[in-house]
2 protein chains.
Amino acid sequence: MPEILRTVGSIARALDSIANREFQQVSLTKGQYLYLARVAEHPGIIQERVAELLKVDRTTAARAIAKLTKLGLLEKRADPQNKKIRRLYVTASGADIYPLVKRENDYSNAHALRGFTSDEASQLADLLARVDANVAQDWYDVKSGKQREY
Amino acid sequence: MPEILRTVGSIARALDSIANREFQQVSLTKGQYLYLARVAEHPGIIQERVAELLKVDRTTAARAIAKLTKLGLLEKRADPQNKKIRRLYVTASGADIYPLVKRENDYSNAHALRGFTSDEASQLADLLARVDANVAQDWYDVKSGKQREY
DNA sequence: GTACTTTTGTTGTATTTACAACATAAAATT
DNA sequence: AATTTTATGTTGTAAATACAACAAAAGTAC
């Protein structure tokens, strides 16, 4: 069984460091770019769902989103049907910054795939999507308190 | 150009959450398992090198290793040739815990690859290794202060 | 051999992150 | 309809993480 965990971790941390450095230019602190991008791409999403997309703790997402809201990049709107949830949207300022985030992401993605044929790249994307689905299941289980058995 | 960044990030965060939960049982706090494993597998490594393997900041690695040393799981030894560096080794207690870390890693890796043929799995590993090499280059550049040009 | 640069390590500080515990609306069960 | 369970959100707290700035040993260039 080949090892993929560590390689995935290494790639993810490297890309995240790079992105965080880059976004200091627009006064985004660590990790904030993730939330801004997800809300921009899923208008009306609620924070619980953002946490699941990103696989971060609910309270982490809550605080990141609270901060972005305070900074005026995101806004929360009440839902007419459901008094519990608050739907998320980018503000005008958020919409100004989003293209920078998108551009950096695209650039990093392209660089990560340097030397790949388009067949190889789409093969990789497919395989990763399957891994993601597998791992998401385990993540939900563990987050909801299930005990692992070896 | 297919998207792999986000999928990689999602997989990495999910696996890391799961591992961190698991290792609370042996009183390892967030991220510590990474350092213990790397030192166990590279006896005599220095912390600068550990940071590069993991793609974390030097000071983060320094503090994590300091803590593991204080906990008695790792030890630092002087090098006879070089007064600046401190070589890292697992202690007896560290060696006791390492197999648990290894087992969890192997288990998670196997679960992440559920439903993969061995051809698919090794193909994925190869493609990821290439991405890792690409991204490592960018990481070194950014960490050493190089400016990106779009 | 002296000056300069790089490597390795540390400390101060601001910030994110996660867990636990709580609150309340919504949904499901009886 | 009342009760129980789940979903969503918040706050308190402990800890990791990264950047900036510093120190000192090692390596390099003249």
Same cluster for A/Ile45 and A/Tyr89 if Ile/Leu/Val/Met/Phe/Trp/Tyr side chains link at under 4.5 Å?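 Per the 4.5 Å side-chain linkage, A/Ile45 and A/Tyr89 are not co-clustered.
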Scan [X] against the nucleic acid and name what it touches under 4.0 Å (heavy atoms): base, sugar-phosphate only, or nothing.
| X | answer |
| --- | --- |
| A/Thr29 | sugar-phosphate |
| A/Arg86 | sugar-phosphate |
| B/Asn20 | nothing |
| B/Arg49 | sugar-phosphate |

Given DNA chain D, 5'-ward residue of the pair A/Arg21 and A/Arg58, judged by closest heavy atom: A/Arg58
Please compare A/Gln47 and A/Ser17 by the position of their nearest nucleotide in DNA chain D and report the one closer to 5'.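 First, find each residue's nearest nucleotide; the 5'-ward one identifies A/Gln47.
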Upstream residue (5' side of DNA chain C) when A/Lys55 and A/Lys84 are each assigned their closest nucleotide: A/Lys55
If you assign each of A/Lys30 and B/Arg87 to its closest nucleotide in DNA chain C, which residue comes earlier from the 5' end?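 Per heavy-atom nearest nucleotide, the more 5' residue is B/Arg87.
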Side chain of A/Asn20, backbone of A/Asp16: donor and acceptor closer than 3.5 Å? yes
Under 3.5 Å: donor-acceptor pair, side chain of B/Glu120, backbone of B/Thr117: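 Side chain of B/Glu120 to backbone of B/Thr117: a pair is present.
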Is the count of non-hydrogen atoms from other residues, nucleotides or ligands lying under 6.0 Å from A/Lys83 atom NZ greater than 12?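 Not more than 12 within 6.0 Å, no.
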Distance check: side-chain N/O of [X] vs OP1/OP2 of [N], anything under 4.0 Å?
| X | N | answer |
| --- | --- | --- |
| B/Lys83 | D/dA24 | no |
| A/Lys76 | D/dT10 | yes |
| B/Thr60 | D/dA18 | yes |

Worked verdict on B/Glu104 versus B/Gln25 for side chain to side chain contact (heavy atoms under 4.5 Å, CB included): CA-CA 12 Å; B/Glu104 192 280 343; B/Gln25 293 175 7; over 6 Å; no
Atom [atom1] of [X] to atom [atom2] of [N]: distance rounded to whole Å?
| X | N | atom1 | atom2 | value |
| --- | --- | --- | --- | --- |
| A/Ile65 | D/dT10 | CD1 | P | 9 Å |
| B/Lys143 | D/dA18 | NZ | P | 6 Å |
| A/Tyr33 | D/dA18 | OH | P | 12 Å |
| B/Leu71 | D/dA15 | CG | P | 11 Å |
| B/Leu28 | D/dA16 | CG | P | 10 Å |
| B/Asp16 | D/dA16 | CG | P | 13 Å |
| B/Asp57 | D/dA15 | CG | C1' | 17 Å |
| B/Lys70 | D/dA16 | NZ | P | 11 Å |

Identify whether the distance between the nearest side-chain nitrogen and carboxylate oxygen of A/Arg58 and A/Glu52 falls below 4.0 Å.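 Judged by the 4.0 Å cut-off on N to carboxylate O distance, A/Arg58 and A/Glu52 do not form a salt bridge.
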Considering only heavy atoms from C-beta outward, does the side chain of A/Val131 approach that of B/Phe116 to under 4.5 Å? yes
What verdict does the side chain to side chain contact (heavy atoms under 4.5 Å, CB included) test give for B/Glu41 and B/Val39, after you've listed the backbone C-alpha separation in whole Å, the side-chain angles of each residue and the deciding distance to 0.1 Å? CA-CA 5 Å; B/Glu41 292 160 16; B/Val39 173; over 6 Å; no
Of all the choices, D/dT17, D/dC19, D/dA16, which nucleotide is nearest to the side chain of B/Tyr35 once you look at every atom?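 Of D/dT17, D/dC19, D/dA16, D/dT17 is nearest to the side chain of B/Tyr35.
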Nearest to the A/Arg63 side chain among D/dT13, D/dA18, D/dA16, which nucleotide is it? D/dT13
What range of DNA chain C does chain A touch, first nucleotide to last, counting atoms under 4.0 Å from its heavy atoms?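 Result: C/dT15 to C/dA26.
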